[in-house]
Amino acid sequence: NDFPENEGWERRVNGVGPAVRTLADGIMTMDGLADRQIDDYYRMERPLNPAPGEEFVMQWRLRVLDVNGSPPAYDPGAAIWSDDDWTVSLLFGTDFIHSFHENFYFPIEPGVFHAVEFRSSDMRSYDLFLDGALIHMGSFWEPTFDQSRVHWGDRARGSASLTDWDYFRFGVVPEPNTCFLLLAPLC
C-alpha cells in the first residue's frame, strides 16, 4: 500500500529515466512503455542463505499487461544473488515466465494476476511454483557478482512493459519438514 522505497527497498533507475508508477487499491502499476531503455527496479542487499533446516522463500503477485520488444519479449522480473555468488533471474512476458540462465520458458495465462513462489534450501537448486502448482525444478547459475541481494521490477533494457505488482516479499523460514519435527515431541 506504499511505494517500495518507503518500505526499505532501494529504487534503482538506469537508462533513460524512471517508469511512471501509480498506486491504487494496494496495487503498484509500473508503466515503462515510454522507452525500451527504461530500467527501473528495486533491490535489497542482505545475507540470504538459509541455515540447515531453513529455506529461502521469495513470493510475489504480478500481472503483465503489455511488453514490447524483440520476440520473445520480456521485461519485468525478479532475481536473487546468494551469499556465495550464485543467481537465478526470472523474467516475464505477457504469456510466459523465462528463467534467463537456464533458457527455460513456461507459458502463463495472459492479462491476469499470477502468484509466484520461489523456494530453495541450498541456494544451488530451487522449486518454482505458479498459482500454487510446481512448474519447475531449476538450478542457480554462478555469475561474477559478490553481493547477496534481491531485485524485482522493470529489469530488462531493450524491452518496455506495463505491469501491476500486488506484493513482493522474501525471507528465510524453517523448512516445512523441520516444523513438523519440532512439533512432534509436543504431541
Side-chain angles (χ1 to χ4, degrees), residues 4-5 7-12 26 28 41-64 72 74-93 95-109 112-156 163-187:
E5 61 269 26
E7 300 294 328
W9 291 90
E10 176 188 357
R11 185 178 185 194
R12 305 283 294 193
M28 183 180 73
Y41 63 92
Y42 299 94
R43 83 177 187 183
M44 191 174 288
E45 294 180 359
R46 69 164 116 172
L48 301 171
N49 286 16
E54 295 180 330
E55 187 174 43
F56 174 84
V57 178
M58 188 166 61
Q59 303 169 324
W60 65 96
R61 189 165 178 258
L62 168 71
R63 175 172 51 197
V64 182
Y74 50 79
D75 191 43
I80 177 175
W81 284 263
S82 71
D83 298 351
D84 50 354
D85 196 28
W86 293 78
T87 190
V88 174
S89 183
L90 301 169
L91 299 165
F92 290 78
D95 60 356
F96 65 88
I97 298 173
H98 172 53
S99 177
F100 186 75
H101 302 291
E102 298 173 282
N103 201 27
F104 165 78
Y105 288 85
F106 186 83
I108 62 174
E109 182 180 355
V112 298
F113 273 103
H114 291 284
V116 182
E117 184 168 280
F118 175 100
R119 292 183 163 271
S120 179
S121 59
D122 62 6
M123 305 307 262
R124 296 292 186 278
S125 62
Y126 69 93
D127 293 334
L128 184 65
F129 297 84
L130 179 69
D131 301 323
L134 178 66
I135 62 165
H136 183 60
M137 295 169 62
S139 298
F140 281 66
W141 173 77
E142 189 170 21
T144 58
F145 302 106
D146 61 353
Q147 294 174 315
S148 55
R149 62 189 182 268
V150 170
H151 286 193
W152 64 275
D154 183 325
R155 297 203 58 246
T163 56
D164 289 333
W165 294 86
D166 186 13
Y167 59 81
F168 192 98
R169 56 189 174 227
F170 72 94
V172 173
V173 299
E175 285 185 288
N177 293 343
T178 305
C179 291
F180 293 126
L181 290 174
L182 293 173
L183 292 175
L186 297 175
C187 294

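Residue numbers start at 1 and run along the sequence shown. Quantities reported herein were computed from a predicted structural model and do not represent experimental measurements. The figures here come from the full heavy-atom set of this structure, side chains too, leaving out hydrogens, waters and symmetry mates.
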Residue list, side chain to side chain donor-acceptor pair (under 3.5 Å) with Y42, at least two apart or on another chain: R21

Rounded distance [0.5 Å steps], OH in Y41 versus NE2 in H151: 4.5 Å

Ring centroid separation F104 to H136 under 6.0 Å: yes

Results of side chain to side chain donor-acceptor pair (under 3.5 Å) for R46 - residues two or more places apart only: none

Under the side chain to side chain donor-acceptor pair (under 3.5 Å) test, residues paired with N49 that sit two or more places apart: D84

Main-chain N/O of A115 paired to D131 side chain as donor or acceptor, under 3.5 Å: yes

Side-chain touch I80/F140, heavy atoms, less than 4.5 angstrom: yes

Counterpart residues, ring pair (Phe, Tyr, Trp, His ring centres under 6.0 Å), relative to F168 (two or more places apart): W9, W60, W152

Any residue meeting side chain to side chain contact (heavy atoms under 4.5 Å, CB included) with T87, in chain and number order, not counting sequence neighbours: W81, H101, W141, P143

Test side chain to side chain donor-acceptor pair (under 3.5 Å) applied to E109 - qualifying residues, sequence neighbours left out: none

Nearest atoms (heavy-atom pairs only) where E55 meets P176: OE1-CD, 3.6 Å

CG on L128 to CE on M58, rounded to 0.5 Å: 8.5 Å

Exercise: identify the closest heavy-atom pair between F129 and R119: CE1-CD, 3.9 Å

Nearest atoms (heavy-atom pairs only) where V88 meets S139: CG2-O, 4.2 Å

Where P50 and S121 come nearest, the two heavy atoms and their spacing: CG-O, 3.5 Å

Parallel, tilted or perpendicular: ring planes of H98 versus F96, cut at 30 and 60 degrees: perpendicular

Atom pair CZ (F92) and OG1 (T163), whose distance is rounded to the nearest 0.5 Å: 10.5 Å

Nearest atoms (heavy-atom pairs only) where E102 meets G138: OE2-CA, 3.1 Å

Contact summary for R124 and S120, nearest pair of heavy atoms: N-OG, 4.1 Å

